[in-house]
Amino acid sequence: MVHLLASEVRQLLHNKFVVILGDSVQRAVYKDLVLLLQKDCLLTLSQLKAKGEYSFEQDELVQGGKQGRMHNGTQYREVRQFCSGQHLVRFYFLTRVYSDYLEAILEELRSDEHDPDLVIMNSCLWDLTRYGEDSWPNYLQNLESLFGRLRQVLPESCLLVWNTAMPVGNNINSGFLPPELRPAASGLKSNVIEANFYSSAEAQKHGFDVLDLHFHFRRHTGMYLQPDGVHWNERAHRHLSQLLLAHVADAWGVELPQRDPVGKCVKDGPARGGPGRRLERQLPACRDQPAFPPLTRPLRLPGCCPLLPTPSPRPPQFPLLPPKPPPIPLQQVTPPFLVCPQGAHFSSDRPFQSDQLSLNHFHSDIPPSTQTEFAFDGDFMFRPQPPRPPFPQPCYQQRAPVVHRGFPRYCPRGPYLPWRGRPRTCKRRAPAYS
């Protein structure tokens, strides 16, 4: 997996409508994606902690947030949207995986002018901690209702990616969890793993994609997890964005460029230090200037389909004269069996040039030892050829060559065997060998 630049992310999501649904962790996923669509830099700590602000990196607060009363209850709402000339990204804050509010969101997406092309979703921590003693059976039932409803509402062209819940720390003091509920959340770490298992199985049962973020970040809690035990720092979210974009590109059949892997943002290995330890960034924080120079040319992706139609490159310049072929050995060893398939009379390692075939090659003053044997079909005709410069003696072959490397060249017997003088005339057609 490669580290995509902002220009390449813009091409990948060109004319796409992306919808992200989830809690505060998924809100950070939305923010990092919006930032990556504009510039190559990381989120700042204040941007990660901000909640319900009126504007973030040229996006807008559509509903909830600071437009109303700020609180940490299950009825908190926040809808954000980033819209440019070629991109539309929208975020809905969720406190439950399936509810009447989610039904209203699905109805809004169905009645929208544009159908979503990509839906990214997760909801787990609020479901397991904020809805009483029956939260676990209700979560399993809501998962089944959610994916069944998404199968009915989303169009066939829409790609849904279910993100598994990311790992949590041993001590959780995040704002979404009231102090009176924190002692009961001691087993949340193992409950998240079990919830990820059931949610992944249910998503795959309905034919949706699953991105196992818990697996990718299970060894990075010591270096990239924030002190509250739930949220992650800017480098972890950039790594998450690259994982998500690579998954989307693979699902859409887009071949990514081959460069250094994304592992340079988040390093593997044993965790050093405590949660929230600040490290030196390899990408700068968000500033006015982009962190990387723009690409010298548009991205050209070989394989399934390019990200964007780009002008065809200038064809390479070839020399006017073909390279001089190596001399043909005088003595050639005939193999004990035929290596050419039926209907192929000659095989060679050199490409055939149609303008190099003329009658002068078969009846000329060139020494016979350098000529090559041929077997012609019955409908073979010689056409008039334009004058050609004195090329070195070429090596000929049939129009559809079959090359068998590793075997000596086989010369079939025919009327054009090498002689000490000029080849004699023979009216019989050379026999074909299988």
Side-chain angles (χ1 to χ4, degrees), residues 9-10 12-34 36-37 52 55-65 67-68 74-124 126-127 139 141-165 199-200 202-211 241 244-245 247-249 251-252:
V9 176
R10 287 192 292 268
L12 177 63
L13 300 180
H14 183 78
N15 288 339
K16 301 296 183 183
F17 180 18
V18 183
V19 179
I20 302 176
L21 304 99
D23 53 10
S24 56
V25 177
Q26 303 305 311
R27 179 173 55 202
V29 174
Y30 160 83
K31 288 186 175 182
D32 191 75
L33 183 60
V34 169
L36 191 55
L37 282 171
S55 178
F56 162 79
E57 292 293 333
Q58 302 183 15
D59 82 332
E60 60 176 344
L61 179 64
V62 179
Q63 180 185 354
Q67 294 181 358
T74 56
Q75 300 300 319
Y76 176 76
R77 301 290 182 259
E78 182 179 348
V79 181
R80 314 193 65 86
Q81 179 171 288
F82 169 77
C83 182
S84 66
Q86 297 82 24
H87 308 92
L88 178 60
V89 186
R90 189 180 299 170
F91 168 73
Y92 295 91
F93 188 90
L94 297 181
T95 61
R96 203 165 196 178
V97 68
Y98 184 76
S99 60
D100 295 337
Y101 178 61
L102 182 67
E103 278 290 347
I105 294 175
L106 296 179
E107 186 62 29
E108 179 182 347
L109 294 177
R110 174 186 287 183
S111 61
D112 201 292
E113 181 182 0
H114 306 284
D115 293 332
D117 300 287
L118 172 63
V119 176
I120 303 166
M121 185 176 181
N122 173 261
S123 181
C124 179
W126 286 73
D127 297 79
Y139 181 66
Q141 182 178 359
N142 289 336
L143 284 174
E144 184 177 357
S145 302
L146 167 72
F147 291 115
R149 193 76 178 97
L150 290 176
R151 176 55 63 189
Q152 299 173 0
V153 174
L154 296 180
E156 292 292 335
S157 59
C158 179
L159 172 65
L160 185 138
V161 180
W162 175 262
N163 289 342
T164 61
S199 63
S200 302
E202 195 66 30
Q204 294 175 355
K205 174 183 174 182
H206 290 80
F208 296 119
D209 287 22
V210 176
L211 180 58
S241 298
L244 181 62
L245 292 171
H247 183 96
V248 171
W252 286 345

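All values derive from a computational prediction rather than experimental measurement.
- For S145, there are no side chain to side chain donor-acceptor pair (under 3.5 Å) partners at least two apart in sequence or on another chain.
- Each side-chain hydrogen bond (donor to acceptor under 3.5 Å, both in side chains) pair with one or both residues in residues 91-105, not counting sequence neighbours, appears once here: R90-Y92, Y92-E108, T95-Y131, Y98-E103, E103-R149.
- By the ring-ring contact (aromatic ring centres under 6.0 Å, His included) test, F147 pairs with W162, F208, sequence neighbours left out.
- Listed by chain and residue number, nothing satisfies the side chain to side chain donor-acceptor pair (under 3.5 Å) test with E113 (two or more places apart in sequence, or in another chain).
- Here the OG atom belonging to S200 is positioned 11.5 Å from the CG atom belonging to D209, to the nearest 0.5 angstrom.
- Legend: residues meeting side chain to side chain donor-acceptor pair (under 3.5 Å) with R80, ordered by chain and number and at least two apart, are D59, E78.
- Here salt bridge (charged side-chain N to carboxylate O under 4.0 Å, His left out) pairs that include residues 14-23, with residues two or more places apart or in two chains, number zero.
- The CZ atom of R151 sits 12.5 Å away from atom NZ of K205, with the distance rounded to the nearest 0.5 Å.
- Between the side chain of D127 and the main chain of Y139, no donor-acceptor pair closer than 3.5 Å is present.
- Residues L94 and W126 are not in side-chain contact: their nearest non-hydrogen atoms beyond the backbone lie 4.5 Å or more apart.
- Applying the side-chain contact (heavy atoms from CB on, under 4.5 Å) criterion to Q67, with sequence neighbours excluded, gives Y54, L61.
- Note that CG of L118 and OG of S157 are 11.5 Å apart. Values are rounded to the nearest 0.5 Å.
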Practice task
Before giving the answer on side chain to side chain contact (heavy atoms under 4.5 Å, CB included), spell out for H206 and L150 the whole-Å C-alpha distance, their side-chain angles and the decisive distance to 0.1 Å.
Solution key: CA-CA 9 Å; H206 290 80; L150 290 176; over 6 Å; no
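- Closest approach of W252 to L12, counting heavy atoms only: CZ3-O, 3.6 Å.
- Remark: D117 engages no residue in a salt bridge (charged side-chain N to carboxylate O under 4.0 Å, His left out) (not counting sequence neighbours).
- The line from CD1 of I120 to CD of Q26 is 8.0 Å long, rounded to the nearest 0.5 Å.
- Between L244 and L33 the shortest side-chain heavy-atom distance does not fall below 4.5 Å.
- Checking F91, F82, F56 one by one against K31, the side-chain contact (heavy atoms from CB on, under 4.5 Å) holds for a single residue, F56.
- In this structure, CG in L37 is found 11.0 Å from CD in E57, a value given to the nearest 0.5 Å.
- With sequence neighbours left out, E144 forms a side-chain contact (heavy atoms from CB on, under 4.5 Å) with E202.
- More than 12 non-hydrogen atoms from other residues, nucleotides or ligands lie less than 6.0 angstrom from CD of E60.
- The heavy-atom pair separating P116 from P155 by the smallest distance is O-CG, 4.3 Å.
- V29 places none of its side-chain heavy atoms less than 4.5 Å from the side chain of N122.
- Under the rule for a side-chain contact (heavy atoms from CB on, under 4.5 Å), the partners of Q86 that lie at least two apart in sequence or sit in another chain are H14, N15.
- Legend: residues meeting side-chain contact (heavy atoms from CB on, under 4.5 Å) with C83, ordered by chain and number and at least two apart, are Q81, L88.
- When the salt bridge (charged side-chain N to carboxylate O under 4.0 Å, His left out) test is applied to D32, the partners found at least two apart in sequence or on another chain are R238.
- Taking CG of L102 as the start and CG of N142 as the end, the distance is 9.5 Å to the nearest 0.5 Å.
- With contacts defined as side-chain heavy-atom distances shorter than 4.5 Å, the pair V19/I105 does not qualify.
- Within the 4.5 Å cutoff, no side-chain heavy atoms of F93 are placed close to those of Y30.
- Residues C158 and V119 form a side-chain contact, since some pair of their non-hydrogen atoms from C-beta on lies under 4.5 Å apart.
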